[in-house]
Amino acid sequence: MPTPVADVAHLLRRAGFGGTSARITELSALDRPALVEAVLSTAGAPADVPPAILADPDKGDYDRWVACTQWWLDRMATSPAPLVEKMTLFWHGHFVSGRGKVGSMKWMYDQNALYRSLAMGSFADMTRRMALDPAMLDYLDNRLNRVGGPNQNFARELMELFTIGVGNYTEADVDASARAWTGHRINSTTGAYEFYAPWHDTGQKTFMGITKNWDGPEIIDHLLTTATTKALTARFVARKLWLFLAGPEPSATTLTTIANAFAARFDITDLLRAVFLHNDFWTPATRQGLVRSPIEFVVAVMRATGLNAATANPQWWLEAMGQEPFDPPNVAGWKTNGYWISTSSASGRAGFVRYVTWRARDAGVLAGTLEPTTPAAGVQLAFDTFGVNQPSARTRSILEAWVTAQRTARASWAVQPNLITLVPLTPEFQLA
Amino acid sequence: MLPSDIETADALRHLTLPADNSPSGLGRRRFLQALGLGVGGAVLGPQALATLMPGWEEYAAEAAPIGPLDGVLVVLLMGGGNDSLNMVVPTGDSAYYAQRGPLAIPAASALPLATGVGLHPSLTFLKQRYDQGQVAVVRGVGYPNPDLSHFTSMALWMQAWGPGGPATSGWLGRWLDGMNSTPDAFRGINIGSGVPLHLAGTATKATAVGTSSAGFGVSTDANDIRMYQVLKDFGAASTTTGNWGDAIARNGKALIETSAAFAPSYTPALPSDRLVREMTLAARLINANLGARVIGISYGDFDSHADQPAMHNARMAELDAGLRAFFATLAPAYTSRTTVMTFSEFGRRLERNGSNGTDHGTAASLLLIGENVSGGLKGSPPSLTSLTSGRQLIHTTDFRSVFGTVLNRWMNADATQILGASYPALDLFVRTPGQVVPPPPPPVVLPTPAMLTPLVPARILDTRDGTGGPKAPIAAGTPRSLQVAGQGGVPLTGASAVVLNVTATSPDRDSWIRLYPSGENLPDASNLNFAAAQTVPNLVVAKLGGDGKVMVHNAVGSTHVVVDVFGYFSPAAGSRLVPLAPTRILDSRDGTGRGGLKAFLGTTPIDLTVAGAGGVPSSGVEAVVLNVTTTSPSASSWLTVWPKGQIQPNASNLNYEPGTTVANLVVVKVGTGGIVQLANAVGSTHCIADVVGYFVNDTTSSRHLALSPARVLDTRNGTGRPGTAPVGRDQVIDLQVTGAGGVPSSGVTAVLLNLTVTAPTSDGWAIVYPSGQAPPGASNLNFATGQTRANLVLAKVGAGGKVAIVNRSNSAHYVADVAGYFV
């Protein structure tokens, strides 16, 4: 049974950054399970080739950040497997590191590649690898953690933010875990992870009631294999992913369903499938229940206008919008919905589309909205171009009245560029 | 680790909330109606919200000025866990030095607040404010069962909801909810790209403003304005795209409306250092008077797990620079209505960790800074030896006691409702908002009325030749002590005040001179003003110090000074004043006082008969008070006035340059035949004299009381006259002189005013006369465009205890200091 076009469009917005009308039409021939498998496919994902700038010793950290940011945003806008990029963004907001503290963009890029390589794979592998990742070792100070001078930063966040969540451990557990993680550091010569035995605390430690000579990775094994902490982790991560992809708070039963699918083997694709196939993912409340994050907004604008990041320069506005790749605001990452709604972040979005407007107009975007096209036809063309497939009657009538007013004022030349500004600022476009 | 960008705090809201995903746009009216309260009802606890359906309400973004008694609170979040033990340092506690080792701030470098307590060495501005009694340091602030997670602990602080439960709203957000009016975009403001939990209520949240520009929506191009209108239209009613769609549209409308209001506060360009920039912006937003009552600022990172000194020292320097910039920018109109408060989610452990840092701690100090804050050390310092089992400090003051006191005393709110419980009040404010420091009581004047003995003029100071002191100009800030008693005919004892003509000559800078009694403080007043290289005299009736000396103080650069004495006042003997409305008795231009002879004064002395002229009796007069003006002089010269029958003294009353018009008050002993003599030194000049009073030997006329100079008029700042506008042409200032500046409220016949003009926009003059009368054809002060000039004025008091000052120039500002009075 074919899937309604509106449903395909919904899934492509959530499982990626929006689809072209051609892609939507193509996929609408599939039934829902087949459609979900299609978006879960990683076939066609381009190889992960580091931006050349990382090998250029003459470039500074800011230039590297700009290049890596543009590189990633272009990849999001063009990848045939956009869910991989969307999940890379999700993991960036989960296993957080940020260039504000991590001195090396090379480490930040390597971490990004690690997110990508496991984005739809094993959460357990991801957690284990992240603990030994140089960017993470630097960001949460584990590189400094040594016997006699424990540093709790990573040990605490591993439980509070990465796995079981706050309230499910004691301060004594944090103390023990911090000691267990001593000696896992960065080799100062190679810049790579190393286990440095002289710094490791080999004493007895009591973690979650078990006393032995714990080592750091054993803490992760314990958290992800012991029934209670495994279930807590599955619920914690599943809820976070539901909020990221669906929007509204999941009901307890919905959360149980998707968490159970995840906990079976901590396979991320299992969890994604459970989310996309759940009836609650398709309700009107969910369809209207998620605000596009700044990165999603920027990528959607780039896709609609065909402009690449080097032309659209989104890096100039992402800070004002409140979301910069490689620089999450804190170890808790980004949140959703109301987190993105403030006048100053709206100012950043408007500033970006205002800049893009002139580049896009020069590229011929929305040239078909100029007279003799009718206001209605011009506005419809703008909706189609920006993928607004279910505009409200009210938004439509406000824009049509505005086009008419521009023509009355003998300023119809401004219709084309200013539609490129206004349509991305409609509530319809800013919802995911 | 918590980042430097603490809009993270908003993140917290979403992290901690089990049910955060309802749009924040729930309208207050709808919310209260749903609770059965109606607008104006009480604010309920945050958990009540979860059961409500979101509503929608028109967004109000019209700036409304704050009231004169409304408090403004600037909340500074120090995110990441500020090490308050290194901010407010327990310099007297050996446990601190033992546990902190090399991280400890040495007692010698801390800025001492009290015995055993000092501030971080970078906090010099804070120390200055502390010494002025404007900083409350609340120590040991925390809460029971402290949580060491940044997010949980910060959520608890921001939520400040006594009954507990999930952090669904913040304490200042609930205060915003409770404001008895429609939601206002300007009442709560957060500087940054998000709104932290403490500024988000159940129905209202603060408006986020950018740190570098007012944002999108400030163009005045017609096409842009039409585009802005589309965005406002999107947000003007339900979008039918769901609650989040409505919230996006409403936010777009608010963006356009608030950008226009905020735009002026971004010019001139803000400083570049982040906290300085944001604190400067906060002060400007208060000055703009858009209605801001709460402004949030967040900065960090304070999470100093490793290599703490570099990080924490930088944060402390930023804090001090930010506070300094804020108070330098804040307009005086708001200083009594503005308080800054800091907080952090926790302090840090007493013990240094193995990375030369400190880990998450518990109780900490927070700061309140402001003119109406009760300054000093508040709360008990937590013990550094009696710790929890986790070796953490035990708090002594609940943070909700601090917040509750702020709500009750500063925000005019019911703290119990907003916090959900009652907490002990603290001594954090000496006055409620808008109440100013009571003015110091007027000086207690217990002088004895004194009478004048006029003298033949005599020079008692000339710094050019060493008369009366060193042969050197008087430099700024180094007042010259001048012995007056025993000099030039003034008795060694018994003189309470002297009549001096003071002349500044060869100054190297624009400056002014003040005379004040030896042993007293420098007054906020001036006696003569001059520009570089000018020679400017003025008459001064100077009160003598107990040692018979006056201090001569020069404000800027250095200048030579010449002082001539013309008489002295003594309680024991002398003559008494009869003040007069000014009457012209000499005008060489039209022959007045010269038998019709219209001629310049040359260098030959002329006689001026004062007895019987202009209201002066024909006999029994000891001295007269004249305002003498010279105009159209041919050369750089001076004028001397002295009693007939005496040799022309080495003294001067007026100094002038060719083409100028200058005036000065002259008190001169009446000579033989009721005559005084006047002589011009070089070339020729016109000369004019107005008589304003005379001294007689009787028991009924007025005696003199000297005052330390006090400012009774300054049109630049509203002193003595409403507003700050300059005085227009022919405008009259009716200056209340009785009951002002130490002058009694009744029985006063005349006052001595030193009248200064500044910033005149044309050449002109001023006339001083008894209030209620018509302005006479006279002048007291003459000036040219742009000059600052001073002249002593003997003013007869008119109706209602006032004297009138009329401006005869296009416009000018006037300043008057009262130096004495007659009763």
Side chain, backbone, both or neither: which part of A/Ala320 has an atom under 4.5 Å from a heavy atom of chain B? backbone
Can you find a pair of side-chain heavy atoms, one from A/Glu157 and one from B/His150, that are under 4.5 Å apart? yes
When you look at CG of B/Asp221, are more than 12 heavy atoms from neighbouring residues, nucleotides or ligands closer to it than 6.0 Å? yes
When rounded to the nearest 0.5 Å, the distance separating OG1 of A/Thr421 from OH of B/Tyr228 is 10.0 Å
Rounded at 0.5 Å granularity, tell me how far CD in A/Glu160 sits from CG in B/Asp147. 7.5 Å
Can you tell me how far CD of A/Glu428 sits from OG1 of B/Thr239, rounded to the nearest 0.5 angstrom? 6.5 Å
Is any side-chain heavy atom of B/Trp244 less than 4.5 Å from a side-chain heavy atom of A/Leu290? no
Straight-line distance of A/Leu431 CG to B/Ile248 CD1, nearest 0.5 Å: 4.0 Å
Look at B/Leu231, B/Asn353, B/Thr211, B/Ile256 and state which one has the largest set of heavy-atom pairs under 4.5 Å with chain A. B/Leu231
Determine whether B/Met227 and A/Leu422 make a side-chain contact, defined as any pair of heavy atoms from C-beta on separated by less than 4.5 Å. yes
Where does A/Trp199 contact chain B at under 4.5 Å (heavy atoms): side chain, backbone, both or neither? neither
Contact winner vs chain B - A/Leu425, A/Val96, A/Asn418, heavy-atom pairs under 4.5 Å: A/Asn418
Between A/Pro150 and chain B, with a heavy-atom cut-off of 4.5 Å, which part of the residue counts as in contact: side chain, backbone, both or neither? backbone
Check B/Arg226 against A/Ala411 and note the closest heavy-atom contact, atom names and distance. NH2-CB, 4.0 Å
Between A/Gly322, A/Gly98, A/Ser342, A/Ala401, the one whose heavy-atom pairs under 4.5 Å with chain B are most numerous: A/Ser342
To the nearest 0.5 angstrom, please state how far the CD atom of A/Glu171 sits from the CG atom of B/Leu148. 4.0 Å
Could you state the interatomic distance from CG (A/Asp141) to NE2 (B/His305), rounded to the nearest 0.5 Å? 6.5 Å
Selection from A/Met321, A/Lys240, A/Arg146, A/Arg354 maximising heavy-atom pairs under 4.5 Å formed with chain B: A/Arg354
Bottom line for B/Val209: the part with an atom under 4.5 Å from chain A's heavy atoms is backbone
Among A/Ala346, A/Ser345, A/Gly167, A/Pro284, residue most engaged with chain B (heavy-atom pairs, under 4.5 Å): A/Ala346
Begin with the C-alpha distance, continue with both residues' side-chain angles, and end with the deciding distance and a verdict on side chain to side chain donor-acceptor pair (under 3.5 Å) for B/Asn223 and A/Gln406. CA-CA 8 Å; B/Asn223 288 305; A/Gln406 284 296 115; 2.8 Å; yes
